[in-house]
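Right, one structure below, let's go through it.
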Amino acid sequence: MTEESTARDLLAALEVAVLEQDDDGSLRVAGSIPEWFARFRPGSMSVPPRIEAALGSAFLENFLVEAEGFWDSEDAGRLRSGMWTEAGPDGDDFHLEASAVRIGRRRFLVIEDQTPVYDEKQSVLQRARSQNLSRRERRREEENKAR
């Protein structure tokens with residue numbers, strides 16, 4: 001197993017989509033395509049993969065402008081987009097976060113599916129709201145009995 005194949009397998013296991021920007025500014029898949037990304041942008045499964053400019057996303061289009069500045073600055077680290085929600089072709093919502101990363105002269109756009117994290121946070125918040133509502137109702141009932 002080579003270092004390159006290990007890195008590709010690791011990214012696939014983490015379900016991270018990695019795109020590389022070519023010299024002409026277009027994006028191409030670098031490595032394996034995660035299952036969620038294939039649902040998000042089915043054209044990525046064609047051979048060769050078809051990657052639309054900014055993946056047809058207004059949010060990513062704006063982020064790529066910021067990413068260009070980051071890549072040109074030659075700063076180390078990564079630039080994060082913050083989480084955003086985008087509808088897939090089947091109407092499913094994808095909660096995503098992108099990062100611009102530069103390794104040497106190579107420019108990468110890394111996209112992570114944050115849907116499981118988003119769903120978990122929503123579930124925790126909903127439970128907290130429900131518990132708070134239940135406590136309020138119990139308090140009101142106790143106050144009404146005390147009168």
Side-chain angles (χ1 to χ4, degrees), residues 1-140:
M1 188 176 266
T2 67
E3 292 238 358
E4 185 176 322
S5 67
T6 300
R8 190 173 31 252
D9 292 346
L10 176 61
L11 291 171
L14 294 173
E15 297 188 10
V16 175
V18 180
L19 307 174
E20 185 171 1
Q21 187 183 54
D22 288 329
D23 291 337
D24 65 1
S26 64
L27 296 171
R28 65 178 169 77
V29 174
S32 301
I33 299 171
E35 179 273 331
W36 68 263
F37 191 79
R39 286 186 293 113
F40 176 61
R41 292 297 182 255
S44 64
M45 296 303 288
S46 63
V47 178
R50 192 180 75 247
I51 303 296
E52 306 158 17
L55 304 173
S57 166
F59 183 91
L60 263 183
E61 187 175 325
N62 285 329
F63 178 68
L64 284 171
V65 171
E66 293 178 42
E68 287 291 337
F70 172 77
W71 287 323
D72 290 341
S73 74
E74 299 187 6
D75 287 341
R78 69 179 175 171
L79 175 67
R80 291 174 171 251
S81 68
M83 191 183 304
W84 87 96
T85 301
E86 188 102 20
D90 294 335
D92 296 333
D93 280 343
F94 290 85
H95 306 285
L96 307 167
E97 183 173 31
S99 296
V101 179
R102 200 184 82 253
I103 300 173
R105 299 182 83 50
R106 297 174 70 182
R107 299 169 169 207
F108 295 95
L109 179 67
V110 179
I111 305 174
E112 300 172 70
D113 180 14
Q114 297 291 322
T115 303
V117 173
Y118 178 86
D119 290 345
E120 185 178 328
K121 285 180 181 179
Q122 289 299 102
S123 177
V124 167
L125 288 172
Q126 185 57 47
R127 276 195 310 272
R129 287 184 195 116
S130 295
Q131 289 172 352
N132 190 29
L133 183 59
S134 293
R135 278 193 297 273
R136 284 183 186 176
E137 288 176 3
R138 280 194 303 269
R139 224 178 286 137
R140 281 189 196 136

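Fair warning: this is a prediction, and the values are worked out from it, not measured in the lab.
Using a 4.0 Å cut-off between a side-chain N of Lys or Arg and a carboxylate O of Asp or Glu, D22 and R28 qualify as a salt bridge. Under the 4.0 Å criterion applied to side-chain N and carboxylate O atoms, R107 and D72 are assigned as salt-bridge partners.
Inter-residue side-chain proximity for L109 and L60 is flagged as met; some heavy-atom pair is nearer than 4.5 Å. Looking at L19 and V29, their side chains come closer than 4.5 Å, going by heavy atoms from C-beta outward. Counting only heavy atoms from C-beta outward, the side chains of F63 and L79 approach each other to under 4.5 Å. F37 is not listed as a side-chain neighbour of V18, based on a closest heavy-atom distance of 4.5 Å or more.
The nearest pair of heavy atoms linking L96 to E86 is CD1-CB, 4.4 Å. The two residues P34 and E15 come nearest to each other via the heavy atoms CG-C, 3.8 Å.
A distance of 8.5 Å separates CG of D90 from CZ of R39, quoted to the nearest 0.5 Å. To the nearest 0.5 angstrom, S26 atom OG is 10.0 Å from E20 atom CD.
Here the side chain of R102 pairs a donor or acceptor atom with the backbone of G104 at under 3.5 angstrom.
Using a 3.5 Å distance cut-off with no hydrogens or angles, the side chains of H95 and T115 do not pair a donor with an acceptor.
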**OP:** Apply side chain to side chain contact (heavy atoms under 4.5 Å, CB included) to W36 and I111, showing your working.
**Re:** CA-CA 11 Å; W36 68 263; I111 305 174; 3.6 Å; yes
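Results of the ring-ring contact (aromatic ring centres under 6.0 Å, His included) test with F94 over W84, F59, F40 single out F40 as the only residue that passes.
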